Amino acid sequence: MTPHRYSTIGDELFADGRFDEAMSAYRQALAASPRDAQARMGLDAILERARTAQPNAQLRTLLLEAYADDGANWDAVGWGAANQLVVGWPSDNDLQRLADDPLLHAFLRKSLNRDADLERKLLALRKAVAAAEPSPQVSELIASLAEQAWLNEYIWPDDPAIADEPAATMFRPSSSPRAEVVEEQGLKATIPEIAPITDAVSLSVQAMYETNPYPRWTHLARRPPVDVRAALMRDFPHATEVEFGEGPLEVLMPGAGTGQHPLTVASSYENARVTGVDLSRASLAYGKRMAARYGIDNIDFLRGDILDLPKLGRSFDHAECVGVLHHMADPRAGLQAISAVLRPGAFLRLGLYGESARTLVVKARRDIEMARLPSTLDGLREFRRKVMSGEWRRLRPLTAWEDFWSASLLRDLCFHVQEHRFTVSRLRSFLEGSGLRFLGFEFNVGASQSAAAHAGPLELYRARFPTERTMSDLARWEQLEREKSNLFPGYAFVCQKE
């Protein structure tokens with residue numbers, strides 16, 4: 001049996017919830033072909049979900065293998081690794097045993113911790129390490145904890161009493177700037193500009209991301225190649241089929257940030273040329289550095305405002321803009337600017353905040369304003385202290401959000417200078433007159449609707465409107481949302497330029 005067939009069997013077993021069997025199939029595929037991206041992605045998805053009440057030797061082995069593979073999704077496997085570290089943590093906090101744990105070191109250096117129990121243990125470990133007698137093992141722990149501090153952008157509480165390096169690097173940046181930071185400073189000047197940024201809100205958002213490029217990421221997971229237009233035609237067969245010729249698919253990524261999403265697209269979409277646009281030179285320099293690291297040369301980065309996209313004098317065959325337009329003064333103006341540079345028949349993937357899903361964040365923003373917490377690092381730390389200590393008990397569920405666990409993520413989540421939120425009703429108005437035809441929602445962004453066939457919203461729509469097979473009638477989705485306000489975790493959807 002070919003490795004690809006093992007991967008396909010793994011996907012089928014995974015879809016049926018038969019995770020142990022799926023894991024076996026993926027492992028067989030990887031044994032035969034270690035760079036099988038389909039199998040790697042499937043196995044990582046299982047490791048992400050893996051939870052045990054006691055340490056599991058097989059899981060630890062698989063997690064270490066994932067950390068040894070630069071193409072694995074270290075963000076995903078970090079969830080399973082955190083669980084294994086918590087359940088296997090020595091009750092006596094034995095420093096030697098922890099220093100000898102390869103999974104602990106791999107996790108600290110490669111995954112952002114997002115587990116509250118593990119954070120408490122790591123903070124106690126950091127304190128013990130800072131007070132320990134110097135030794136090679138202590139030095140290794142200091143280096144690993146310092147790397148975790150870099151990953152979370154020093155969101156953990158500081159201790160001014162720890163002033164000398166290297167121990168101080170577990171609490172704050174080293175006095176010697178990291179090589180990648182120096183490189184990014186040099187790259188800023190090499191990024192072309194569409195036009196000077198003049199919009200007041202855009203300038204405020206730009207300043208925020210110059211301070212904290214978002215998100216900080218360390219590696220690019222391997223992904224199977226995909227013909228994105230063919231995939232979207234399969235997912236949305238009611239779309240209009242348009243051929244754009246033999247040349248590269250010109251892909252626009254407005255709100256490129258630090259390049260994680262654009263570089264994933266550039267490295268996995270077949271025959272594509274990507275243009276990433278962002279307000280922040282610091283963010284774009286991060287992305288440009290990572291493009292060079294991975295040898296990805298089919299991408300260009302431009303600094304500019306989405307509002308100025310028509311000034312490029314170019315048209316694009318495809319665009320993806322996820323988590324961006326709701327941070328503009330006028331999201332509709334941003335949408336119009338994107339639509340203006342799309343060729344007829346181009347697909348546009350969009351992601352927008354949902355009003356219902358952001359209820360807790362709205363409460364947090366109000367509490368932050370009342371307490372006059374600044375969006376500085378000290379303000380972020382104080383906010384986390386209030387939430388995690390229970391002082392702001394009603395916000396405690398925020399610790400289950402992925403974006404609670406680093407400075408740039410938390411600032412973007414709760415301290416953003418500009419935020420709009422949508423309902424389906426507002427979404428309908430938002431799209432009117434845009435020249436874009438709504439094709440349907442994606443409840444698992446980037447995956448086919450068939451892969452989410454049993455997702456609650458799609459199942460509900462089919463049951464209520466069995467004759468409307470495209471699931472693209474926003475009036476009907478609006479009706480369902482009125483009946484079930486928490487139907488959407490946010491809005492991820494696909495449109496087509498008319």
Side-chain angles (χ1 to χ4, degrees), residues 37 71 187-188 190-195 217 219-236 239-281 283-325 334-335 337-351 435-436 445-446 494-497:
L187 288 171
K188 286 182 184 181
T190 70
I191 298 167
E193 184 175 75
I194 299 173
W217 57 286
H219 88 295
L220 198 67
R222 203 160 45 243
R223 290 288 181 264
V226 60
D227 180 338
V228 66
R229 286 189 61 82
L232 288 172
M233 285 302 305
R234 286 193 299 270
D235 294 348
F236 305 102
T240 302
E241 190 162 3
V242 177
E243 292 294 333
F244 288 146
E246 298 299 320
L249 187 76
E250 293 291 341
V251 179
L252 174 66
M253 307 283 290
T258 53
Q260 189 174 33
H261 184 191
L263 287 170
T264 298
V265 167
S267 62
S268 61
Y269 285 10
E270 294 178 350
N271 192 27
R273 180 82 203 176
V274 177
T275 299
V277 178
D278 200 84
L279 297 166
S280 163
R281 284 193 185 278
S283 296
L284 292 168
Y286 194 114
K288 193 167 184 179
R289 173 178 65 82
M290 295 300 275
R293 172 183 165 183
Y294 283 96
I296 299 172
D297 58 8
N298 59 327
I299 186 166
D300 299 306
F301 292 103
L302 298 175
R303 188 232 189 183
D305 196 324
I306 287 173
L307 297 171
D308 291 325
L309 287 173
K311 294 179 181 178
L312 284 172
R314 297 172 54 192
S315 59
F316 295 87
D317 308 322
H318 181 87
E320 302 198 4
C321 185
V322 178
V324 178
L325 294 181
L335 181 69
I338 295 171
S339 178
V341 298
L342 294 181
R343 296 174 66 181
F347 290 111
L348 170 62
R349 264 195 173 117
L350 282 170
L436 296 163
V445 177
V494 177
C495 297
Q496 187 173 33
K497 178 68 179 287

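Every value quoted in this text rests on a predicted model; they were computed, and no experiment measured them.
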Which atom of [X] lies closest to which atom of [Y], heavy atoms considered:
X	Y	answer
Ala272	Pro248	C-CB, 4.4 Å
Lys497	Gly435	CD-O, 3.4 Å
Val324	Pro254	CG2-O, 3.7 Å
Ile194	Gly304	CD1-CA, 4.3 Å
Ser315	Glu250	O-CB, 4.4 Å
Asn298	Ala266	ND2-O, 2.9 Å

Hey, could you give me the [atom1]/[atom2] distance between [X] and [Y], rounded to the nearest 0.5 Å?
X	Y	atom1	atom2	value
Lys311	Asp305	NZ	CG	9.0 Å
Leu263	Phe301	CG	CZ	4.5 Å
Ile191	Ser280	CD1	OG	8.5 Å
Ile296	Lys288	CD1	NZ	14.5 Å
Ile338	Leu307	CD1	CG	9.5 Å
Asp227	Tyr269	CG	OH	10.5 Å

Only one of Arg343, Arg229, Arg273 forms a salt bridge (Lys or Arg N to Asp or Glu O under 4.0 Å) with Asp317, so which one is it?
Arg343
Answer whether the closest heavy-atom distance between the side chains of [X] and [Y] falls below 4.5 Å.
X	Y	value
Glu193	Arg281	yes
Arg303	Asp278	no
Leu325	Ile306	yes
Asp308	Val277	no
Arg314	Leu252	no
Arg289	Leu187	yes
Asp235	Val494	no
Val251	Val228	no

Say whether, by atom type as modelled, one donor and one acceptor occur between the side chain of [X] and the main chain of [Y] under 3.5 angstrom.
X	Y	result
Tyr286	Trp217	yes
Gln496	Gly345	yes
Ser268	Thr264	yes
Asn271	Gly247	yes

Leu220 vs Arg293, test: side chain to side chain contact (heavy atoms under 4.5 Å, CB included). Steps then yes/no.
CA-CA 10 Å; Leu220 198 67; Arg293 172 183 165 183; over 6 Å; no
For side chain to side chain contact (heavy atoms under 4.5 Å, CB included), just list the numbers for Leu348 and Leu342, CA-CA rounded to whole Å, side-chain angles, deciding distance to a tenth of an Å, and then say yes or no.
CA-CA 9 Å; Leu348 170 62; Leu342 294 181; 4.1 Å; yes
So Leu335 and Leu436, side chain to side chain contact (heavy atoms under 4.5 Å, CB included) or not? Walk me through it.
CA-CA 9 Å; Leu335 181 69; Leu436 296 163; 3.6 Å; yes
Is the His318 ring parallel, tilted or perpendicular to the Phe347 ring (thresholds 30°, 60°)?
perpendicular
